[in-house]
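All remarks here apply to the structure that follows.
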Amino acid sequence: MKRSLSVPGIAYGGDYNPEQWPEDVWAEDMRLMREAGVTMVSVGIFSWALMEPSEGVYDFSRMDRILGLLHDNGIAADLATPTAAPPAWFFTAHPEALPVDGDGRTLSYGSRQTFCPSSPAYRTAALRITRALAERYADHPAVVMWHVHNEYGCHNAACYCDTSAAAFRNWLKGKYGNDLDALNHAWGTTFWSQWYYDWDEILPPRATGAVPNPTHQLDWRRFCSDELLSLYTAERDVLREAAPATPATTNFMVMHNFDALDYWRWAPELDLVSNDHYLRSTDPESEIDLALSGDLVRSLAGGPWLLMEHSTGAVNWQPVNRAKNPGELRRNALAHVARGADGIAYFQWRAAKAGAEQWHSAMLPHTGTDSRIWRDVVRLGADLRALAEVRGSTGTAEVAIVWDWDARWALELPSQPSEEVRYADLVRSWYEPLWRAGVAVDFVRPDQDLSPYRLVLAPTLYLVDEAGAANLTGFAARGGTLAVGFHSGMVDENCHVRLGGYPGAFREALGVRTDELFPLLPGESAGLSGGGTAVLWSERLRLSGAEPIASYTTGPLTGVPAVTRHTHGEGTAWYLATCPDPDTLAALLDRIRTEAGVQPVRATPERVEAALRRGPDADYLFLINHGDEDAQVPVATGATELLTGRPAEGGTVTVARGDVAVVREPR
Ligand code: GLA
């Protein structure tokens, strides 16, 4: 059954926590929400202690009043199950449900998400409040969506207690078909006397004296993601039983350093994919991270998605929390829409006076309505109303970047050739020049159908199974262009090295064979023919069919190829056996995509981001000017700029510095 969001146009709102305020403030909330054009808010996310004051005793009176008020004001509710923050009474009754870290330390309650994901008591309590909530509000006219839990795994991605150990063993028994020998072989436990004779000997990878077994750690990451997913599906099923037509979501955290969950496995379980995204103050071009995240979320969703949280200004959880620059709030929100968001929401509606997030920005700041943030929030509401017709339109990418959580986890295990190699940084370094050039990008799993694409990039794919590797090399053999980054294809799904030369799974398709790795030290670089420099990685590569494109000009590998190109079947396979400096990488990727016949969605001046959403009769061209100069961009005849409602005259639109234009181009 298809369950979709009944809120029209681009939904607009945020987390609404009225329980933190006296009720006389609520009427003002309603008035201001209407002024800002808010259409949907998420409620009840952290309300467990107030809704269930003691076990099995419910007080829904406050939630009744909140939902009634929202409905009276024409604002839809994304009603949350409050299970991310169990009340104190739960932990005093069930201290065994508190999580234990890898050093054996039991954490205390008094914050949020301090529960063991495998705790039977937690599961029972979470499903009990979920059922009570679902039964009470299944038919409430304000409730248009279920917001299950909040950011699964944000604070408790792994628990190392004995209950978790038993759950891990069960998961392993399922995975290895109850065959302990199969596990021993997959984990390579003849090494360091790690052979297991009894399932009960297997523990979570708790703190130990030396490096733990890599496959053990990798299976643990997979288990932890699946264990939280099973909590999501259990709650979702209870909600579905009570309200079969209401869509369910949970807010993902597809952003820079969060890597706990394999969202390829999660996304198919959601009716609507939603995401939270926050900027890092230390990133001078955080709009690139935002776009990457948006493209990845759209790819996970297979179409439009919802931005469940971002911030109007500063957050409270970085070492230094900065406000946004002028115009940045609007650019950020509309950039998410450009990448496929059909809803824009913030954490949170009203800035808190008390509690751990009192210094977090909100739609309605501490100062009140006489503030820049409020004026921007009201303006954004009008912008989103003007973009209503964009809803449902999709992306148009001919380039796919391979993204895989297994590969990320495996690459970042200890005891690698270099601990300087970071998965997300590598992907970002390849994404960045494409973003600057205005090239549309999707993200794909290694084993996904690649036929919609001309060019597939695998910046980093240390681990890949046979099926994934065959899919990627087969794509090139059938005429596609494949570009692979260093240290890819090295190990199989069990983290076992592929023998016979590096980069294992790809060496035939790439026409190269490496026999020794020479990662570079921090601060070290090697010259490249053609004038660039290489950092991070080098390898003694020999050609076995490929042509050299660039070679090292300094250091122990002088004369050895660093970048190669190989004809593989009907197509082309490139190998970047090092990490070139940004300009050299940009020039290379430019050449690779031009040879593959990939065009940008629009040629734009520097620092003007271009993204396209394709509707049934029109394209929507988003132009976001992050630079200091006004820009002119060519558009199709008959085009209209939607934010101003003005026709684009003379075949161009002007995007003032810091501003945004959204152009409807008829097809
Ligand atoms: C996360 C949470 C919110 C809030 C914000 C603050 O995204 O989901 O409850 O804590 O962070 O940035």
Side-chain angles (χ1 to χ4, degrees), residues 13-21 40-50 77-86 110-115 145-157 228 231-232 235 248-261 263 266 270 272-283 286 289-290 293-294 297 305-324 328-329 332-333 336 341 343-366 373 377:
D15 283 16
Y16 181 39
N17 300 306
E19 65 278 5
Q20 297 173 12
W21 296 90
M40 179 174 79
V41 291
S42 301
V43 285
I45 300 179
F46 300 109
S47 291
W48 194 345
L50 299 183
D78 168 33
L79 178 56
T81 64
T83 54
S111 180
R112 65 174 175 189
Q113 257 186 11
T114 40
F115 61 87
M145 184 160 65
W146 300 115
H147 181 299
V148 181
H149 198 87
N150 190 66
E151 291 187 340
Y152 276 100
C154 179
H155 309 286
N156 63 344
L228 286 167
L231 286 174
Y232 167 78
E235 285 195 28
T249 190
T250 185
N251 41 348
F252 286 177
M253 298 171 70
V254 175
M255 60 182 137
H256 36 89
N257 44 8
F258 182 78
D259 71 345
L261 305 180
Y263 287 132
W266 281 66
L270 276 60
L272 275 166
V273 168
S274 64
N275 192 50
D276 298 349
H277 185 269
Y278 291 94
L279 308 178
R280 269 181 301 184
S281 300
T282 49
D283 181 350
S286 48
D289 183 71
L290 184 160
S293 154
V297 179
W305 53 280
L306 302 173
L307 181 70
M308 190 59 86
E309 288 181 29
H310 69 318
S311 72
T312 57
V315 298
N316 66 305
W317 42 264
Q318 297 180 15
V320 178
N321 297 293
R322 276 170 65 94
K324 289 193 177 179
E328 200 177 358
L329 178 157
N332 289 166
H336 284 292
I344 292 295
Y346 288 99
F347 178 83
Q348 59 176 328
W349 163 250
R350 186 183 274 275
K353 217 165 101 172
E357 296 186 316
Q358 60 193 160
W359 292 111
H360 197 291
S361 61
M363 297 172 82
L364 184 58
H366 289 146
I373 284 184
V377 160

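Nothing here was measured: the structure is a model prediction, and the numbers come from that model. Order of appearance sets the numbers: ligands from 1, and atoms from 1 within every ligand.
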> Looking at atom 6 (C) of ligand 1, what's its closest protein heavy atom, distance included?
Replying inline: His360 NE2, 3.1 Å
> Looking at Asn150, which atoms of ligand 1 are within less than 4.0 Å of one of its heavy atoms?
Replying inline: 2 (C), 8 (O), 9 (O)
>> Can you name the atoms of ligand 1, numbered from 1 with element, that are less than 4.0 Å from a heavy atom of Phe46?
In response: 9 (O)
>> How far is atom 4 (C) of ligand 1 from the closest protein heavy atom, and which atom is that?
In response: Glu357 OE2, 3.2 Å
> What protein heavy atom is closest to atom 7 (O) of ligand 1, reported as residue, atom name and distance in Å?
Replying inline: Glu309 OE1, 2.3 Å
>> I need the atoms of ligand 1 closer than 4.0 Å to a non-hydrogen atom of Asp276, numbered in the order shown.
In response: 7 (O), 8 (O)
>> Can a donor-acceptor pair be found, under 3.5 Å and without considering hydrogens, that links the side chain of Asn316 to the backbone of Ala356?
In response: yes
>> Assess, by modelled atom type and distance only, whether the side chains of His277 and Asn332 contain a donor and an acceptor separated by less than 3.5 Å.
In response: no
> Quick one: does His256's side chain have a donor or acceptor within less than 3.5 Å of a partner on Tyr278's backbone?
Replying inline: yes
>> I need the atoms of ligand 1 closer than 4.0 Å to a non-hydrogen atom of Phe347, numbered in the order shown.
In response: 3 (C), 4 (C), 5 (C), 6 (C), 9 (O)
> Does Asn251 reach ligand 1 with a nitrogen or oxygen that is under 3.5 Å from one of the ligand's nitrogen or oxygen atoms?
Replying inline: no
> How are the rings of Phe347 and His360 set relative to one another: parallel (under 30°), tilted (30 to 60°) or perpendicular (over 60°)?
Replying inline: perpendicular
>> Any side-chain to backbone donor/acceptor pair from Asn275 onto Val254? Under 3.5 Å, distance only.
In response: yes
> Quick one: which of Thr83, Asn251, Thr81, Thr249 gives a side chain to side chain contact (heavy atoms under 4.5 Å, CB included) with Val148?
Replying inline: Thr81
> Is the Trp266 to Tyr152 ring centre distance short of 6.0 Å?
Replying inline: yes
> So is Arg112 close enough to ligand 1, meaning a heavy atom under 4.0 angstrom away?
Replying inline: yes
> Can you list the atoms of ligand 1 that are under 4.0 Å from a heavy atom of Glu151?
Replying inline: 1 (C), 2 (C), 7 (O), 8 (O)
> Heavy atom under 4.0 Å from ligand 1: found in Ile45's side chain, backbone, both, or neither?
Replying inline: neither
>> Test of understanding: with ring pair (Phe, Tyr, Trp, His ring centres under 6.0 Å), list the residues that count as partners of His155, not counting sequence neighbours.
In response: none
